[in-house]
Engineer: 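Quick one: this structure, given as structure tokens, is what I'll be asking you about.
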Amino acid sequence: QVQLVESGGGLVQAGGSLRLSCVASGRTFSSRGMGWFRQAPGTEREFVVAISWSGGRTTYADSVKGRFTISRDNAKNTVYLQMNSLKPEDTAVYYCAATKDIYSSGSSYYRDLGSYNYWGQGTQVTVSS
């Protein structure tokens with residue numbers, strides 16, 4: 001089992017930055033891909049970014065490419081999401097997730113919400129204009 005706890009959300013002005021963290025429990029963190037998803041009110045949960053179990057590969061949604069950066073520290077069982085140049089449309093609850101398969105690969109796999117079965121409780125990010 002993997003338990004995930006996000007932190008780092010908050011209120012920021014447009015153009016500002018936030019860094020989200022997600023700490024995982026369990027011994028399989030380093031063998032699982034990790035993703036960040038977000039959900040705004042009245043919308044479906046959408047893919048933001050993911051990183052492979054080794055940290056060697058990342059894949060980003062077009063809407064955040066060049067502004068967001070994902071990284072992981074397997075020694076600390078933590079994945080990070082650095083968000084720069086934030087826009088009001090980035091406002092959402094952000095969730096981190098761990099893949100159900102270990103040693104998975106492929107950007108299409110990581111972009112699929114169905115590839116994840118471990119989810120955090122979410123952290124609110126609000127960007128004011």
Side-chain angles (χ1 to χ4, degrees):
Q1 291 292 330
V2 179
Q3 293 183 322
L4 304 172
V5 179
E6 303 100 332
S7 63
L11 173 65
V12 64
Q13 288 187 332
S17 299
L18 281 175
R19 188 195 197 203
L20 305 184
S21 299
C22 174
V23 179
S25 65
R27 295 180 293 176
T28 62
F29 173 81
S30 61
S31 60
R32 298 185 188 274
M34 296 295 297
W36 286 95
F37 293 76
R38 66 187 181 187
Q39 187 168 19
T43 69
E44 294 185 351
R45 194 169 298 188
E46 65 173 4
F47 169 78
V48 177
V49 59
I51 189 167
S52 63
W53 58 271
S54 67
R57 299 206 173 193
T58 57
T59 183
Y60 292 84
D62 288 345
S63 59
V64 306
K65 200 173 294 183
R67 300 187 298 121
F68 290 12
T69 303
I70 189 172
S71 61
R72 68 187 297 163
D73 185 339
N74 285 345
K76 295 182 178 179
N77 273 23
T78 303
V79 62
Y80 304 97
L81 179 61
Q82 178 66 43
M83 305 185 294
N84 299 328
S85 302
L86 282 161
K87 304 175 181 180
E89 51 263 43
D90 294 318
T91 295
V93 177
Y94 282 71
Y95 299 89
C96 74
T99 59
K100 58 187 176 183
D101 300 313
I102 59 173
Y103 303 120
S104 53
S105 64
S107 62
S108 59
Y109 176 90
Y110 286 129
R111 288 171 175 266
D112 184 359
L113 187 147
S115 299
Y116 301 83
N117 63 349
Y118 301 104
W119 293 86
Q121 82 287 352
T123 185
Q124 176 70 47
V125 171
T126 303
V127 184
S128 64
S129 58

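Scope of the values below: all heavy atoms of this structure, side chains included, with no hydrogens, waters or symmetry mates.
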Engineer: Does Arg72 make a cation-pi contact with Phe29, if we ask for NZ or CZ under 6.0 Å from the ring centre and within 45° of the axis?
Structural biologist: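 Arg72 over Phe29 ring: yes.
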Engineer: Quick one: does Ser25's side chain have a donor or acceptor within less than 3.5 Å of a partner on Gln3's backbone?
Structural biologist: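 Between the backbone of Gln3 and the side chain of Ser25 there is a qualifying donor-acceptor contact (under 3.5 Å).
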Engineer: Are any of the side-chain heavy atoms of Thr59 and Val49 separated by less than 4.5 Å?
Structural biologist: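 Not touching, per the 4.5 Å side-chain cut-off.
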Engineer: Quick check for you: to the nearest 0.5 Å, what is the distance between Arg67 atom CZ and Ser85 atom OG?
Structural biologist: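 Arg67 CZ to Ser85 OG: 7.0 Å, rounded to 0.5 Å.
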Engineer: Donor-acceptor pair, Asp90 side chain versus Lys87 backbone, under 3.5 Å?
Structural biologist: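 Answer holds: yes.
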Engineer: Under a single-linkage definition using a 4.5 Å side-chain heavy-atom cutoff for Ile, Leu, Val, Met, Phe, Trp and Tyr, are Val48 and Leu4 assigned to the same hydrophobic cluster?
Structural biologist: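 Yes.
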Engineer: Restricting to non-hydrogen atoms, name the atom on Ala14 and the atom on Pro88 that form the minimum distance, rounded to 0.1 Å.
Structural biologist: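 Closest heavy-atom pair between Ala14 and Pro88: CB-CD, 4.1 Å.
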Engineer: Going hydrophobic residue to hydrophobic residue with side-chain gaps under 4.5 angstrom, can you get from Met83 over to Val12?
Structural biologist: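 Yes, one cluster joins them.
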Engineer: What are the two closest non-hydrogen atoms of Gly56 and Ser52, and how far apart are they?
Structural biologist: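 So the two residues come closest at N-OG, 3.2 Å.
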Engineer: Checking Thr126 against Gln124 for the side chain to side chain donor-acceptor pair (under 3.5 Å) test, could you report, in this order, the C-alpha distance in whole Å, the side-chain angles of both residues, the deciding distance, and whether it holds?
Structural biologist: CA-CA 6 Å; Thr126 303; Gln124 176 70 47; 3.3 Å; yes
Engineer: Check whether the side chains of Asn84 and Ser17 place a donor and an acceptor atom closer than 3.5 Å, and report yes or no.
Structural biologist: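 Their side chains do contain a donor-acceptor pair, which is all the 3.5 Å distance test asks for.
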Engineer: How many angstroms lie between OG1 in Thr69 and CZ in Arg19, if you round to the nearest 0.5 Å?
Structural biologist: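 Reported value, rounded in 0.5 Å steps: 11.0 Å.
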Engineer: Hey, is the main chain of Tyr109 close enough, under 3.5 Å, to the side chain of Ser115 for a donor-acceptor pair?
Structural biologist: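 At least one qualifying donor-acceptor pair exists.
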Engineer: Look only at the side chain of Thr123 and the backbone of Gly9, and say whether a donor-acceptor pair between them is shorter than 3.5 Å.
Structural biologist: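 Yes, because the side chain of Thr123 sits within donor-acceptor range (under 3.5 Å) of the backbone of Gly9.
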Engineer: Rounded to the nearest 0.5 Å, what's the gap from CG on Leu18 to CD on Gln82? Could you check?
Structural biologist: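 Leu18 atom CG to Gln82 atom CD measures 8.5 Å (nearest 0.5 Å).
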Engineer: Between Asn77 and Ala24, is there a donor-acceptor pair closer than 3.5 Å when you use the side chain of the first and the backbone of the second?
Structural biologist: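 A pair under 3.5 Å: yes.
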Engineer: Following the transitive rule for hydrophobic clusters with a side-chain heavy-atom cut-off under 4.5 Å over Ile, Leu, Val, Met, Phe, Trp and Tyr, establish whether Leu86 and Leu20 coincide in one cluster.
Structural biologist: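 Result: yes, single cluster for both.
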Engineer: Quick one: which residue pairs count as a ring pair (Phe, Tyr, Trp, His ring centres under 6.0 Å) with a foot in residues 65-106, not counting sequence neighbours?
Structural biologist: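 Ring pair (Phe, Tyr, Trp, His ring centres under 6.0 Å) check on residues 65-106 returns Trp53-Tyr103.
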Engineer: Check this for me: does any side-chain nitrogen of one of Arg32 and Asp101 sit under 4.0 Å from a carboxylate oxygen of the other?
Structural biologist: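 Between Asp101 and Arg32 there is no salt bridge, as every charged N stays at least 4.0 Å from the carboxylate O atoms.
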Engineer: With rounding to the nearest 0.5 Å, note down the distance linking CD1 in Ile102 to OG in Ser31.
Structural biologist: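 Separation between the atoms: 5.0 Å.
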Engineer: Transitively linked via ILVMFWY side-chain contacts under 4.5 Å: Val127 with Leu81?
Structural biologist: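 They do share one cluster, since a chain of ILVMFWY contacts under 4.5 Å joins Val127 to Leu81.
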Engineer: Measure the OG-CG distance between Ser30 and Asp73 for me, rounded to the nearest 0.5 Å.
Structural biologist: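 The OG atom of Ser30 sits 11.0 Å away from the CG atom of Asp73.
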Engineer: I'd like to know if the side chain of Arg38 reaches the main chain of Val125, judged simply by a donor and an acceptor atom lying under 3.5 Å from each other, with no hydrogens or angles considered.
Structural biologist: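 No, the answer is negative, given that no donor and acceptor are paired below the 3.5 Å cut-off.
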Engineer: Verify side-chain contact (heavy atoms from CB on, under 4.5 Å) between Thr99 and Tyr118, making sure each step is shown before the conclusion.
Structural biologist: CA-CA 7 Å; Thr99 59; Tyr118 301 104; over 6 Å; no
Engineer: Quick one: NZ on Lys76 to CG on Asn74, what's the gap to the nearest 0.5 Å?
Structural biologist: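 Answer rounded to 0.5 Å: 12.0 Å.
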Engineer: For residues 39-94, pull every pair meeting disulfide (SG to SG under 2.5 Å), keeping only residues two or more places apart or in separate chains.
Structural biologist: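 Applying disulfide (SG to SG under 2.5 Å) to every pair that reaches into residues 39-94, excluding sequence neighbours, yields nothing.
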Engineer: For the backbone of Cys22 and the side chain of Glu6, can you confirm whether one donor and one acceptor N or O come within less than 3.5 Å of each other?
Structural biologist: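 Here the side-chain-to-backbone pair does not exist.
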Engineer: Under 4.5 Å between side-chain heavy atoms, counting indirect links through other Ile/Leu/Val/Met/Phe/Trp/Tyr residues: same cluster for Leu113 and Ile51 or not?
Structural biologist: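 No, because Leu113 and Ile51 fall into different hydrophobic clusters, even though each may have its own neighbours under 4.5 Å.
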Engineer: Tell me if the centroids of the rings in Tyr110 and Phe47 come within less than 6.0 Å of each other.
Structural biologist: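 No, they do not, as the ring centres are separated by 6.0 Å or more.
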Engineer: How close do Val93 and Gly122 get, counting heavy atoms only, and between which atoms?
Structural biologist: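 Nearest heavy atoms, Val93 then Gly122: CG1-CA, 3.8 Å.
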Engineer: Name all pairs fulfilling the salt bridge (Lys or Arg N to Asp or Glu O under 4.0 Å) condition that reach into residues 56-65, sequence neighbours left out, sorted by first residue then second.
Structural biologist: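 Applying salt bridge (Lys or Arg N to Asp or Glu O under 4.0 Å) to every pair that reaches into residues 56-65, excluding sequence neighbours, yields Asp62-Lys65.
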